[in-house]
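Report on one structure; see the data block that follows.
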Amino acid sequence: MDSLLIKGGVPLHGEVTISGAKNAVLPIMAATLLTKEKCVIRQVPNLSDVQFMTEILQSLGASVRFDGNVVTVQANKVKPVGDYDLIRKMRGSICIMGPLVGRLRHARVSLPGGCIIGTRPIDLHLKAMKGLGASIGIEGGYVDVKARRLVGGDVFLGGRAGPTVLGTANLMMAATLADGVTTIESAACEPEVVDLAYCLSKMGAKIVGAGSPTIVVTGVKELHGVEHEVIPDRIEAATFAIGAAATNGEVTIKGARPDHMHAVLDKLSDAGVKVERKGLVLTVKRGGRLKPTDVTTLPYAGFPTDVQAQMMVLMAVTPGLSVITERIFESRFMHVAELARLGAEISIEGPSAIVKGGRKLSGAPVMASDLRASAALVLAGLAAQGTTQVNRIYHLDRGYEHIDAKLRGLGARIQRVNQQ
Ligand code: UD1
């Protein structure tokens, strides 16, 4: 199993280019199941989650080619049943449900797994499919969704923690081929939902309102092929920005979309970090002394839960008391115990983490528990004195393309080591 060995204490300096967004590409790859025609997707990051999605589409009967950063899919014939173990491995695989139901009126998928961050139910996905007239059965770990006719309807998709990103994606995709009009209320507004809607529209779907809480989809008879380039990964861009600030370096981030990053950039500014924007280029460094701050994770356009763990590292190196409140996933604090191994002083009070920042971090062996927690441990290792070994980095490879190579390009002393 691979680990990352980091010799910390070196400020990050230089330029890094952002890859395509994992959370945009997974539903867009699933959307290719909605047509028999060829779909070409560009700027696809080479990630293990993308490999999984490739295998899932293949197991459903599609032909998929992954060449450089281009994925070409042709789904002439599609089966409604996905490979149980493949789907179980990745939470994002739930988004094949909508396209299968749209195209075949039938989907049989295993209950998805993924990062262990809370219970992550799929009740809203099922409510979405029921809203189009489908019936749901659960048997032997499989969810069976069937509809004789798929009919548009009004569906309220707000849950306990607000809207659901992939639930919105699923409903939008199934509704493109339903009869009549579907109105999604309390839809997720994330840029990845907007990118999916844009791609679907290019395939011939009729979608209005993506990016707002009300999305209206008018069903069409069929969709056709598409060429689409996915948006840059705002979470990766935020991770490098925080890395620059936490190590007291200066990093130029190219190919980012600052217009997708308002909440993060605003909080970085509160924290004493200077971000210069020039089109799609961000230059990030400390603007003087770092300042303690408070952050609450919220649905878009609020502060993303996927940047919470990384932000905690910046707070840990900032003298004073900072607070993070997690409102999306209740158990998303697994990184706290690991950051403590490096000397960070963090306590958990209900949904909040209180960070007593400013203590010197020193390297230690740590264990990655989920994707973004892993990124936080890498940032903490870079900021700490001495050597940090981050174990179980397969989580990191799910969501960050060539992170070790990109960090080496910024001067970090980081090596991938294989431990048998
Ligand atoms: C997506 C992202 C993930 C991000 C999350 C929140 C992808 C591949 N993953 O995950 O990186 O952390 O959005 O921004 O795009 N919920 C329910 N019932 C459901 C579905 C969700 O209660 O049926 C709850 C979840 O437990 C959570 C909240 O809704 O509390 C938001 O989850 P959701 O937006 O669905 O996350 P994902 O789409 O799975």
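Counting starts at 1 for both ligands and their atoms, following the listed order.
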One residue to check: [X]. Relative to ligand 1, which of side chain, backbone, both or neither has a non-hydrogen atom less than 4.0 Å away?
X      : answer
Ala161 : side chain
Arg332 : side chain
Tyr300 : neither

Output yes when the distance from some N or O of ligand 1 to some N or O of [X] is under 3.5 Å, and no in every other case.
X      : result
Gly162 : no
Ile328 : yes
Asn23  : yes
Thr305 : no
Val165 : yes
Leu166 : yes
Asp123 : yes
Gly92  : no

For [X], is the nearest heavy atom under 4.0 Å from an atom of ligand 1?
X      : result
Ala188 : no
Gly159 : no
Arg91  : yes

So for atom [atom1], which belongs to [X], do other residues, nucleotides or ligands contribute more than 12 heavy atoms lying within a distance under 6.0 Å?
X     : atom1 : result
Gln51 : CD    : yes
Lys38 : NZ    : no
Phe66 : CZ    : yes
Arg65 : CZ    : no

Salt bridge (Lys or Arg N to Asp or Glu O under 4.0 Å) pairs, two or more places apart, involving residues 191-219 =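 Sorted pair list: Glu192-Arg234.
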Any donor-acceptor N or O pair under 3.5 Å, side chains [X], [Y]:
X      : Y      : result
His125 : Asn170 : yes
Asn391 : Gln389 : yes
Ser48  : Asp397 : no

Pick whichever of Asp49, Val25, Thr164 has a heavy atom sitting closest to atom 35 (O) of ligand 1.
->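 Heavy atom nearest to atom 35 (O) of ligand 1 belongs to Thr164.
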With a 4.5 Å limit on heavy-atom distance, are the side chains of Pro258 and Leu265 in contact?
->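 The answer is yes, as the side chains (C-beta and beyond) meet within the 4.5 Å cut-off.
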Compare all side-chain heavy atoms of Val355 with those of Val323 and state whether any distance is below 4.5 angstrom.
->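 Not in contact.
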By number and element, which atoms of ligand 1 are closer than 4.0 Å to a non-hydrogen atom of Ile122?
->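 Those atoms are 19 (C), 23 (O).
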Ligand 1 atoms in contact with Asp306 (distance to a heavy atom under 4.0 Å) |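 Near Asp306, the atoms of ligand 1 are 3 (C), 4 (C), 11 (O), 12 (O).
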With sequence neighbours excluded, residues passing salt bridge (charged side-chain N to carboxylate O under 4.0 Å, His left out) with Asp144 |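 For Asp144 the salt bridge (charged side-chain N to carboxylate O under 4.0 Å, His left out) partners, ignoring immediate neighbours, are Arg108, Lys146.
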